[in-house]
Protein chains: 2
Amino acid sequence: MYLKVSTQNINPQYSTEREKMRKDSRLSRMLHILIHMAQMEQAATSEFIATMLNTNPVVVRRTMACLREKGYVTSVKGHGGGWRLNVALEDITLLDIHNALGESSVFTIGLTDEHTECIIEKAVNREIGDALAASEALLLRRFGEVTLAQLALI
Amino acid sequence: MYLKVSTQNINPQYSTEREKMRKDSRLSRMLHILIHMAQMEQAATSEFIATMLNTNPVVVRRTMACLREKGYVTSVKGHGGGWRLNVALEDITLLDIHNALGESSVFTIGLTDEHTECIIEKAVNREIGDALAASEALLLRRFGEVTLAQLALI
DNA sequence: AACTTATGAAACATTTTATGTTACATAAAA
DNA sequence: TTTTATGTAACATAAAATGTTTCATAAGTT
């Protein structure tokens with residue numbers, strides 16, 4: 001329960017040039033930090049990672065937990081604890097991390113489902129849906145072809 | 001200024017299975033209604049369109065205004081007024097409507113720009129960015145190959 | 001001319017998502 | 001036992017997409 005007071009609300013609702021929507025930057029952030037972790041001796045604390053990513057430790061734990069579930073990193077509590085890479089960079093692709101983060105869809109474009117009986121709506125949704133599927137397949141295929149080791153070489 | 005009281009806030013923050021985010025359904029909606037409009041005698045009022053799309057007239061005007069700017073539809077005020085298709089369905093592609101709606105990006109995935117000097121971040125962003133660009137290019141190429149007339153034939 | 005039917009547009013509200021923040025429990029090393 | 005970590009729940013914030021209210025304006029109708 002909170003009170004919102006005095007909003008600016010400069011809303012470009014009628015503008016053709018929309019402002020960019022907020023993006024999910026977890027993939028970019030995690031790839032970045034994983035490569036750095038591969039070059040580190042000690043475990044990286046959430047605090048340390050948070051500083052690197054300009055965020056805070058809880059956000060780091062939340063996101064890294066997704067990677068731990070898949071075995072890409074391990075976490076250790078207490079003194080000298082933190083996060084460690086558990087797999088060689090050669091053995092992780094962008095797709096692996098993308099999948100670990102569990103994003104449901106990569107698109108901002110959605111379909112409608114108001115009239116499941118309308119053949120026009122069906123045709124529209126099938127066409128858009130097929131195009132999105134093909135586009136996503138290409139993206140994921142490419143993600144699957146690149147390992148973190150390749151990125152680390154620059 | 002408003003008061004938010006007693007939120008449910010079932011937040012799947014730690015869950016791997018994220019809920020689907022809100023999607024921009026304007027493309028789907030506009031294609032749907034444009035094809036219907038091609039089969040109509042009279043002008044379609046915002047009220048009429050809103051009922052078809054399960055939304056309200058102001059949202060319709062807001063979105064249709066984007067299409068009017070590009071000349072795909074015209075609007076007429078007063079009695080018997082409303083919206084009319086201004087171009088044959090054969091001459092409009094999905095890409096035309098997509099562009100008219102002015103979506104800045106089709107992806108929920110974003111890059112980071114915290115350390116523009118870090119070569120690792122640069123490499124990560126270039127790889128993700130290139131992959132997104134290729135994926136989007138495929139999507140738009142496909143959108144450009146399909147006319148509304150083709151969809152209308154089912 | 002008065003009335004009715006439309007769009008045009010500003011202002012505000014609501015909902016959802018991504019992210020940020022606070023607080024406390026727990027585990028492990030010093 | 002103190003310090004340093006993670007684990008997690010709960011709450012807060014900001015921005016985007018959409019919805020809603022309200023009034024101005026234009027154009028037919030009576």
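Order of the sequence lines sets the chain letters (A, B, ...), proteins ahead of strands, with each chain counted from 1.
Spacing between atom CE of M30(B) and atom P of dA17(D) amounts to 15 Å, rounded to whole angstrom units. As a whole-Å value, the separation of I109(A) CD1 from dA17(D) P is 12 Å. In this structure, the CG atom of D24(A) is 10 Å from the C1' atom of dT17(C), given to the nearest Å. Remark: P of dA6(C) and CZ of R84(B) are 12 Å apart, rounded to the nearest angstrom. In this structure, L27(B) atom CG and dA17(D) atom P are separated by 14 Å, rounded to whole Å. Atom CD of E69(B) and atom C1' of dT7(C) are 15 Å apart (whole Å). Look at CD on E47(A): it is 17 Å from P on dT3(D), rounded to the nearest Å. For the pair N54(B) CG and dT18(D) P, the interatomic distance rounds to 14 Å; values are reported in whole Å.
Distance alone, capped at 3.5 Å, places no donor-acceptor pair between the D24(B) side chain and the I109(A) backbone. In terms of modelled atom types and a separation under 3.5 Å, the side chain of T108(A) and the main chain of S105(B) share a donor-acceptor contact.
Residues passing the side chain to side chain donor-acceptor pair (under 3.5 Å) test with T45(A), sequence neighbours excluded: none. Shown here are the side chain to side chain donor-acceptor pair (under 3.5 Å) partners of T55(A), two or more places apart in sequence or in another chain: there are none. Listed by chain and number, the residues in a side chain to side chain donor-acceptor pair (under 3.5 Å) with S28(B) are T112(A), N125(A) (sequence neighbours excluded).
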**Q.** Summary of protein contacts for nucleotides 21-30 of chain D, nucleotide by nucleotide, where a base hit scores B, a sugar-phosphate-only hit scores S (4.0 Å, heavy atoms)
**A.** B---BBBBS-
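Pairs of residues two or more places apart, or lying in two chains, never qualify as salt bridge (charged side-chain N to carboxylate O under 4.0 Å, His left out) while including a residue from residues 77-101 of chain A. Listed by first and then second residue, the ring-ring contact (aromatic ring centres under 6.0 Å, His included) pairs involving residues 34-74 of chain B are H32(B)-H36(B) (not counting sequence neighbours).
Scanning atom types as modelled, one donor and one acceptor separated by under 3.5 angstrom connect the side chain of R62(A) and the base of dG20(C).
Within the 4.0 Å cut-off from OP1 or OP2 of dT7(C), at least one side-chain nitrogen or oxygen of S46(B) is found. The phosphate of dA5(D) has neither OP1 nor OP2 within less than 4.0 Å of any side-chain N or O from S75(A). When the side-chain nitrogen and oxygen atoms of R68(A) are compared with OP1 and OP2 of dG7(D), one or more of them lie within a distance under 4.0 Å. Contact between the side-chain N/O atoms of S25(B) and the OP1/OP2 oxygens of dT18(D) is found at a separation under 4.0 Å. For the pair T55(B) and dG19(D), the criterion of a side-chain N or O lying under 4.0 Å from OP1 or OP2 is met.
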Donor-acceptor pairs under 3.5 Å, side chain of residues 131-149 of chain B to any protein atom, not counting sequence neighbours: which ones?
unit_1  : atom_1 : unit_2  : atom_2 : d
S135(B) : OG     : S135(A) : O      : 2.8
S135(B) : OG     : S135(A) : OG     : 2.7
T147(B) : OG1    : A149(B) : N      : 3.4
T147(B) : OG1    : Q150(B) : N      : 3.2
T147(B) : OG1    : Q150(B) : OE1    : 3.3

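In the model, T74(B) has no side-chain atom that pairs as donor or acceptor with a side-chain atom of W83(B) under 3.5 Å.
Among dA5(D), dT18(D), dT7(C), the nucleotide with an atom closest to any side-chain atom of V59(B) is dT18(D).
For DNA chain C, the stems formed by at least three consecutive Watson-Crick or G-U pairs, with both atom-pair distances below 3.5 Å, span C:1-30 with D:1-30.
Hydrophobic cluster membership of V59(A), counting Ile, Leu, Val, Met, Phe, Trp and Tyr whose side-chain heavy atoms lie under 4.5 Å apart directly or via other members: none, as it forms a cluster of its own.
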